[in-house]
Undergrad: 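I'd like to ask some things about the structure below.
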Amino acid sequence: MLSIPPPSLSLTLLLLLLPHIAQGATNPFTQYAVDFPDPAYVAAADFPRNLAGAEDTIVAWADEMTSYGPWSVTFKPVLAPSGDKHDYMSWAPYEWPNCKAVGNKTELTPEQVWKTCPYVFRDGEVNPDRTTINDFQSFFNLSDAILYNSIAAVLQNSSSSVYSQNVASFIETWFLNNDTFMNPNLNFAQMNRGPNGQVGEFTGILDLRGFAKIASGILILRKTNNSDWTADLDAQFVSWCEKYIDWLQTAPTAKQAAASTNNHGTIFVSQLAALKLLVQDVPTAVNLTKGYFNGIFKNQINANGDQPAEASRSRPYHYRNFNAAGMITNAHLLAYADPTAKPSGWNFTTHSGAKIQAAIDFLMTVNPAATQETNVTTEIYPNVAAVASVYGDPSGKYGAFLNKSGFAYADDATFLWDQPLAGGDVEAAGEANHTATASLTPSASGGSNGPPAVAPGPASGGRVSVTGMRWIDLVCVFAVMFGLGHLS
Ligand SMILES: *[C@@H]1O[C@H](CO)[C@@H](O)[C@H](O)[C@H]1NC(C)=O
Ligand SMILES: *[C@@H]1O[C@H](CO)[C@@H](O)[C@H](O)[C@H]1NC(C)=O
Ligand SMILES: *[C@@H]1O[C@H](CO)[C@@H](O)[C@H](O)[C@H]1NC(C)=O
Ligand SMILES: *[C@@H]1O[C@H](CO)[C@@H](O)[C@H](O)[C@H]1NC(C)=O
Ligand SMILES: *[C@@H]1O[C@H](CO)[C@@H](O)[C@H](O)[C@H]1NC(C)=O
Ligand SMILES: *[C@@H]1O[C@H](CO)[C@@H](O)[C@H](O)[C@H]1NC(C)=O
Ligand SMILES: *[C@@H]1O[C@H](CO)[C@@H](O)[C@H](O)[C@H]1NC(C)=O
Ligand SMILES: *[C@@H]1O[C@H](CO)[C@@H](O)[C@H](O)[C@H]1NC(C)=O
Ligand SMILES: *[C@@H]1O[C@H](CO)[C@@H](O)[C@H](O)[C@H]1NC(C)=O
Ligand SMILES: *[C@@H]1O[C@H](CO)[C@@H](O)[C@H](O)[C@H]1NC(C)=O
C-alpha cells in the first residue's frame, strides 16, 4: 500500500511546482466594471517591490480569461433581427414577457415569446434568459482577457510572448477576421423584445464599456513596441474603431446614452474617450473627459457624498459603485490624455463642492446588506484603492477599511496600478495573508467555442517574483515529494 513512487515522479512534480513556489498568492477572478490602468505606468514596468501578489493574480487572470476565448458575435445561437450574423445583439436585462393577451393557452416556442409577447420592465430583476445570447458577457471577458494578457506580456519582459499573441488573436477574431468580425454598431444592444421591440436601446451602449480596458491593453502593447502587435493589425483595428466611433457619435441610441445624466452618461464618456485614445485623437479624449467633469458630473455627488441618480435605483449599492468606477475611469483617462490638466479629474468639484473622494467616503458607510446586495460587496474595493492611491490616506482610514474587509487587496490585480496605496502597512497586510493554494492550476489555453485557435499558454507566468520561498511553499514541496506522489 505504501508504495514508494519512482524518484522521477516526485522530481517531475517538484519541477512542475517550482514556478509556483517562488510566487505570491492569487485572488479569484473578479470582473470589475470599468477601469483604465495608466498605460505609461504599466509599460514602464517600474513597479514597487510589494506587488508580487498583484502580478501573480494578473497572470492567473490572463490565463483564466484566455481559457474562455476566443470570442465572436458570430458564435451566438440566435441571429439579430437583421439576419446578419455579424451584428452584435443583447437582450434588455430587466424586461419580462407577459403572454396572457396573446393566446398563451398551451405553449409558445421561445421565438414566439420573443416576437409576440409584450415585455414589461422590472428594475433590478434580471431575466435569466438574457444569458442565452452571450455577446455582452463575451465582450466583458474579451476586454478582461486583453487587459490582463497585455499586462502579463509586460511582466514577461519580452517583445513577444504567448500573452501578447493572445491579445493579437482575440482582437483579430472579434473585430477583423472575415468570418467572425463584428459590424461596428450596437443597433441591437439591450434590445427589448415583443411586438414593440426588436431594436437596440440606449442602455445597451454600456455593453461595450470594456473598451476602456481594451484601450489600456493595446496602448501598453504599443508603448512597449510589442512585436506581436503588428503595424498591420494596429491599422486594421484603428480602422474598425473609427467606424464604430462614427456610429457612437451619430446613432440616436448612442446620442441618448451620451445625453444621460447618470452612469450611462458617465460611462459613455469612458468608452468614447478610450476609443479616441486608440485612434490617437488625444485632444478629443481630453475634451470629452473635461466635458464630463464640467458637465453631468456637476450634479452627480451631493454634499454628503451620495449619488442621487444611483441611490434611487433598485440596486443602489451596485449602481453607486458602478458610477463611481466610471468617474474614476474618466479621471484616469484625463490624467493619461493630459497629465498637466488643471484641475485633474480628481480635483473637479460638483455643484455641492464634492470631489470623487466624497462619493467613496460615503459608500464606505453604506451597508450592502441593507439592500440585499452582499453579493456585490467587492465592487467597492478597487474604488477605495483608487481613491487612497490618488488622495493619500493620512488618517489610515482607507487602509483600515480594506484591512477589515478581509479582502486580500494586496494580491488583487488593481493593486498593481492603484499605487502608491498610502497607509504604509498595506504591504505587511497583504503579505501576512498570502496563501499558497491558488496558483496550482495550470492555465488552459486555446478556445473551444470557435475558430481560430489561440496559441497555447505556459503553465504559469514565466516570471519569478521577488517574494522568494516561504515556509508554506516548503510544506508544499515536502507534501509533493512524500505525500502526493503516493496517490498514484
Ligand atoms: C403563460 O401562461 C401560464 C399559465 O397561465 C403562466 O403560468 C405563464 O406565466 C405564462 N407565460 C408567460 C410568459 O406569460
Ligand atoms: C466569462 O468568464 C466567466 C468567468 O468569470 C465564465 O464563467 C463564463 O463562462 C465566460 N463566458 C464567456 C462567454 O466567455
Ligand atoms: C528586461 O530585459 C532586459 C534585456 O532584454 C534586461 O536588461 C532587463 O534587466 C530586464 N528587466 C527585468 C526587470 O528583468
Ligand atoms: C470576405 O467575405 C466576403 C463575403 O462574405 C467575400 O466576398 C470576400 O472576398 C472575403 N474577403 C476575404 C479577404 O476573404
Ligand atoms: C519603441 O520604439 C520607438 C520608435 O522606434 C522608440 O522611440 C521607443 O524608445 C521604443 N520604446 C521601447 C519601450 O522600446
Ligand atoms: C470641446 O470642443 C468643443 C468644440 O469642438 C468646444 O465647444 C468645447 O468647449 C470643448 N470642451 C472642452 C471641455 O474643452
Ligand atoms: C489637487 O489639487 C491640489 C491643490 O491644488 C494639488 O496639490 C493636488 O496635486 C491635486 N491632486 C490631483 C490628484 O490632481
Ligand atoms: C446579485 O444578486 C442579484 C439578485 O439578488 C442579482 O440580480 C445579481 O445579478 C447578483 N450579482 C452578482 C454579481 O452575482
Ligand atoms: C493593516 O493590517 C496590518 C496587518 O495586520 C497592520 O500591520 C496594519 O497596521 C493595518 N493597516 C491599517 C491602515 O490599519
Ligand atoms: C488578513 O487575515 C486576518 C486574520 O485572518 C484578517 O483579520 C484580515 O482581515 C486579513 N486582511 C486581508 C487584507 O485580507
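Counting starts at 1 for both ligands and their atoms, in listed order. No experiment lies behind these values; they were computed from the predicted model shown.
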Undergrad: Atom NZ of residue position K115 - does it have more than 12 heavy atoms of other residues, nucleotides or ligands inside 6.0 Å?
TA: no
Undergrad: For ligand 2, is there an atom lying under 4.0 Å from some heavy atom of F140?
TA: no
Undergrad: Do ligand 2 and E64 have nitrogen or oxygen atoms that lie under 3.5 Å from each other?
TA: no
Undergrad: Please identify which atoms of ligand 2 are closer than 4.0 Å to at least one heavy atom of W71.
TA: 12 (C), 14 (O)
Undergrad: Taking atom types as modelled, is there a side-chain donor on D232 or T230 under 3.5 Å from an acceptor on the other?
TA: no
Undergrad: Would you mind listing which atoms of ligand 2 come within a distance below 4.0 Å of any non-hydrogen atom of S138?
TA: 13 (C)
Undergrad: In terms of ring plane angle, is the pair F36 and Y336 parallel, tilted or perpendicular, where the classes change at 30° and 60°?
TA: perpendicular
Undergrad: Please state whether the rings of Y319 and F322 are parallel, tilted or perpendicular, taking 30° and 60° as the class boundaries.
TA: perpendicular
Undergrad: Please could you name the atoms of ligand 2 that F29 approaches to less than 4.0 Å, counting only its heavy atoms?
TA: 5 (O)
Undergrad: Just to verify, which of I146, N177, D234 counts as forming a side chain to side chain contact (heavy atoms under 4.5 Å, CB included) with I171?
TA: I146
Undergrad: Is the W61 ring parallel, tilted or perpendicular to the Y32 ring (thresholds 30°, 60°)?
TA: tilted
Undergrad: Between N141 and ligand 2, is there a nitrogen or oxygen pair with a distance under 3.5 Å?
TA: yes
Undergrad: When you measure from the heavy atoms of Q31 to every atom of ligand 2, does any distance fall below 4.0 Å?
TA: no
Undergrad: So, R320 side chain and E310 main chain: donor-acceptor pair closer than 3.5 Å or not?
TA: no
Undergrad: Classify the ring geometry between F136 and F140 as parallel (under 30°), tilted (30 to 60°) or perpendicular (over 60°).
TA: perpendicular
Undergrad: Show the atoms of ligand 2 that are less than 4.0 angstrom away from any heavy atom in Q137.
TA: 1 (C), 11 (N)
Undergrad: Might you work through the side-chain hydrogen bond (donor to acceptor under 3.5 Å, both in side chains) test for D338 and T340, ending with a clear yes or no?
TA: CA-CA 5 Å; D338 181 5; T340 65; 2.7 Å; yes
Undergrad: Just how far is it from atom CG of L219 to atom CG of L277, taken to the nearest 0.5 Å?
TA: 6.0 Å
Undergrad: For ligand 5, what is the set of protein residues having any non-hydrogen atom at a distance below 4.0 Å?
TA: K223, N225
